[in-house]
Amino acid sequence: MLVAEVIQRSLTTVEDLADELARGSIRGSAFPRRAIEEVAAGIRSVPEGDLRQEYIDRGLEQPLWNPELRFPNGRFLCCPDAYFKEVGVVAEVDSVEYHSSPDDWQATMRRHSAMTSAGLIVLHFSPSRIRDDIDGVLHEISETVRRAKGRTVPDLMVIPSDRPVNVGKVQ
């Protein structure tokens, strides 16, 4: 996702991209508008965007997308792909490409262990599973969230990554 990359590298901001898009023609702008909207909502990859779009299309309650989670003392824990704050459930999109080196894989395993150790319930989904079995993915997430209701949720500070931005009508 090119839009996410230029923003993550601090080459521009979501607001600047949205302003630029607003000054141009609406013709042919649906894809960039959607990409900017997704990045503003906290989305960092195409599979995460696909998962978020399914939540929108099906009218499901949205998780927080890539929020920053910190312990009460301010120590950083993680930025999970999707976080269901009320029940402490995380959904992670784990691609082979991103975790291809042994060091990347080890870092991912440490991160996931840290989330579990902090008391979060962590689910893992591959991009291909999101693409090919979205009903199964959504079912597993919703069942996990349902079963987690009433449990003690870890005491974590949650800093949302989304911020409002007007990109016009996304078609």
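The model shown is predicted, which means the values in this text are computed figures rather than measured ones. Here, residue 1 is the first one in the sequence, and each next residue gets the next number.
- For the atom pair CG (L69) and SG (C79), the distance works out to 7.0 Å, reported to the nearest 0.5 Å.
- Residues R111 and E92 are paired through a salt bridge, judged by an N-O separation under 4.0 Å between the basic side chain and the carboxylate.
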- [ ] Kindly indicate, with the supporting measurements, whether the criterion side-chain contact (heavy atoms from CB on, under 4.5 Å) is fulfilled by M109 and D104.
- [x] CA-CA 9 Å; M109 293 298 95; D104 290 341; over 6 Å; no
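- Here R146 contributes atom CZ and F84 contributes atom CZ; the two are 14.5 Å apart, rounded to the nearest 0.5 Å.
- You'll find the side chain of R70 reaches within 4.5 Å of the side chain of I159, heavy atoms only.
- A salt bridge is absent between E54 and R52; no separation between the charged side-chain nitrogens and carboxylate oxygens falls under 4.0 Å.
- Smallest separation of non-hydrogen atoms from P154 and G88: CD-CA, 4.5 Å.
- Within the 4.5 Å cutoff, the side chain of I134 has no heavy atoms near those of the D50 side chain.
- Residues V89 and V122 have side chains not in contact (no heavy-atom distance under 4.5 Å, counting atoms from C-beta outward).
- The heavy-atom pair separating L156 from L77 by the smallest distance is CD1-CD2, 4.0 Å.
- Every residue two or more places apart in sequence or in another chain was checked for a ring pair (Phe, Tyr, Trp, His ring centres under 6.0 Å) with H139, and none qualifies.
- Within the 3.5 Å criterion, the main-chain N or O of S113 finds no donor-acceptor partner in the side chain of S117.
- For the atom pair CG of D132 and OG of S126, the computed distance is 8.0 Å after rounding to the nearest 0.5 Å.
- For the atom pair D133 CG and R131 CZ, the distance stands at 11.5 Å (nearest 0.5 Å).
- The 12-atom threshold is not exceeded at CD of E61, counting heavy atoms of other residues, nucleotides or ligands nearer than 6.0 Å.
- For the pair Y83 and L120, the minimum side-chain heavy-atom distance is below 4.5 Å.
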- [ ] Any chance you could lay out the side-chain contact (heavy atoms from CB on, under 4.5 Å) test for Q62 and I56, step after step, and finish with the verdict?
- [x] CA-CA 8 Å; Q62 292 278 317; I56 291 168; 3.3 Å; yes
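- When all heavy atoms of P80 and M115 are compared, the closest pair comes out as CB-SD, 4.3 Å.
- Taken together through direct or relayed side-chain contacts under 4.5 Å among Ile, Leu, Val, Met, Phe, Trp and Tyr, F76 and F71 form parts of separate hydrophobic clusters.
- A 4.5 Å side-chain heavy-atom check between W65 and D81 finds every atom pair outside the cut-off.
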- [ ] Decide yes or no on side-chain contact (heavy atoms from CB on, under 4.5 Å) for Y55 and I141, but give the supporting numbers first.
- [x] CA-CA 11 Å; Y55 271 85; I141 294 171; 3.2 Å; yes
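- Taking both residues in full, the closest heavy atoms of I121 and A148 are given as CD1-CB, 4.0 Å, listed atom of the first, atom of the second, then distance.
- Counting only heavy atoms from C-beta outward, the side chains of D94 and H112 approach each other to under 4.5 Å.
- One finds a salt bridge joining R129 and E140 here, because a Lys/Arg side-chain nitrogen approaches an Asp/Glu carboxylate oxygen to under 4.0 Å.
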